[in-house]
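Below is one structure, written out as structure tokens, with a few remarks after it.
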Amino acid sequence: MKDPLKDKLTSAFDGIQIQPADRNQISITANKESILSVLSLLKSNGYNHLALISCVDWIEEKRFELVYILSAYMEKDKHFTDMEKTNIILKTSIYREKPQFISAIPIFENAEPYEREIHELYGIHFEGHPRLTPLFLEREYKTPPFRKDFDTRKYVSDVFDPIPFVGKKADKR
Amino acid sequence: MDRNQLIKWLKAPAKMGHKYSLHAVYFCTGCGIIEVPPSITARWDAERFGVLPVATPRQANLFLITGYVSVKTLRAIIRTYEQMPEPKYSVGFGSCPINGGMYWDSYNTIKHLDKYIPIDGWIAGCMPRPEAIFVAVTHLWTLIDKDMADGYKRYRDHYQAYRANQEHALGKLEWPPLFSNETKS
């Protein structure tokens with residue numbers, strides 16, 4: 001990362017931690033209150049592509065970790081710079097009880113399907129999201145299925161195993 | 001034409017016709033579909049066995065289900081199967097339709113596909129080679145010869161039970177029942 005940007009971030013936000021995570025990856029951990037302003041600051045400083053929003057369930061620490069991965073588009077007629085090779089991994093933690101967070105759609109419009117997916121699979125409510133309707137799942141789940149306390153084997157034995165076989169095969173078993 | 005089969009042709013011409021013109025509906029689900037393009041094109045050439053892919057279920061009589069079936073795909077599979085004209089033969093390809101395979105404890109896959117639609121044969125393996133499709137096709141020929149590929153008849157006979165299972169997995173189905181209420185069983 002360019003050093004001026006690092007200075008900007010550390011001077012503007014309290015409790016922000018910046019460390020290199022891997023080759024060409026920089027991990028930033030920020031407070032949940034400042035996440036939208038960090039995103040817009042990064043966007044105005046060249047990291048203009050939101051590649052992914054992901055979520056991690058830390059059940060023992062009773063928090064969800066939201067992960068925003070940002071990268072920079074290569075500019076026309078220029079060589080590949082260090083910035084374009086770098087990915088920024090922006091992390092923040094929210095409470096696991098009644099999880100709520102602010103939508104990132106005002107800054108990155110393509111956050112919509114990712115937030116919809118996280119809402120469906122983890123049950124996090126994003127304020128300001130226009131349609132938090134089901135995206136992938138067909139059935140209703142009491143616990144969202146990607147949470148750690150969702151017991152898949154119990155779910156399978158409760159839902160799919162009682163369905164009987166049909167016809168001759170049912171007589172044989 | 002093979003002279004040894006002449007008697008079979010004279011006895012049951014329709015059956016022989018069904019045997020040698022299996023039209024597989026080009027329905028892709030799961031990872032098994034990756035084996036189908038090489039087997040229908042020049043490398044393995046499924047047309048040697050009379051197997052051709054067709055675009056719509058109305059023209060097809062062979063249904064290859066190639067890989068894991070999610071709950072959402074099951075809806076499409078049932079609709080496709082019900083639209084195919086009889087006689088129709090369905091073959092489960094790979095271990096996932098048989099009992100879930102490596103997704104046996106997943107929250108969103110169908111474990112035993114034969115609870116929802118009748119299956120005439122299984123090709124086990126993860127993945128089966130394209131040759132396995134031809135083993136299955138030749139085996140299906142013998143099943144058709146012996147009148148044992150009767151999945152579509154079983155579907156007719158036990159339609160209420162199949163429909164109940166489908167509604168159990170998918171909730172309310174938005175299309176009307178294919179067959180009317182009286183069952184022979």
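Here is how names work: the chains are called A, B, and so on, in the same order as the sequence lines, proteins then strands, and each is numbered from 1.
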Check: Below 6.0 angstrom between ring centroids: does that apply to B:W122 and B:F93?
Finding: no
Item checked: Any side-chain donor near an acceptor of the partner, B:K111 and B:N99, under 3.5 Å -> no
Next item on the list: List for me each residue that meets ring-ring contact (aromatic ring centres under 6.0 Å, His included) alongside B:Y89, sequence neighbours excluded, and say none if there are none.
Entry: none
Item checked: Charged N-O contact under 4.0 Å between B:D145 and B:K15 -> no
Next item on the list: Step by step, work out the ring-ring contact (aromatic ring centres under 6.0 Å, His included) result for A:F64 and A:Y95.
Entry: CA-CA 6 Å; A:F64 284 121; A:Y95 296 120; over 10 Å; no
Note to self: Let's test your reading of the structure: which of B:Y107, B:Y162, B:Y116 forms the most heavy-atom pairs below 4.5 Å with chain A?
What the structure shows: B:Y107
For a quick test of your reading: what N or O donor-acceptor pairs under 3.5 Å do the side chains of residues 169-178 of chain B make, sequence neighbours left out?
| residue | atom | partner | partner atom | Å |
| --- | --- | --- | --- | --- |
| B:E174 | OE1 | B:R75 | NH1 | 2.6 |
| B:E174 | OE2 | B:R75 | NH1 | 3.4 |
| B:W175 | NE1 | B:E82 | OE1 | 3.1 |

Notebook entry, point to check: Hey, are B:D120 and B:R154 close enough for a salt bridge, meaning a charged N less than 4.0 Å from a carboxylate O?
Noted result: yes
Check: Residues of residues 31-61 of chain B under 4.5 Å from chain A (heavy atom pairs)?
Finding: none
Check: Sub-3.5 Å donor-acceptor pair from the side chain of A:S44 to the main-chain atoms of A:S40, do we have one?
Finding: yes
Margin query: Quick check on the structure: residues of residues 119-157 of chain A within a heavy-atom distance below 4.5 Å of chain B, by number.
Written below: A:L121, A:L135, A:F136, A:L137, A:E138, A:R139, A:Y141, A:P145, A:F146, A:F150, A:T152, A:R153, A:Y155, A:V156
Next item on the list: Go through the side-chain N and O atoms of A:S103 and A:E115 and say whether any donor and acceptor fall under 3.5 Å apart.
Entry: yes
Margin query: Does any backbone or side-chain atom of B:S70 lie under 4.5 Å from a heavy atom of chain A? Answer side chain, backbone, both or neither.
Written below: neither
Check: Does A:F108 have A:K43 sitting over its ring (NZ/CZ under 6.0 Å from centre, angle to axis within 45°)?
Finding: yes
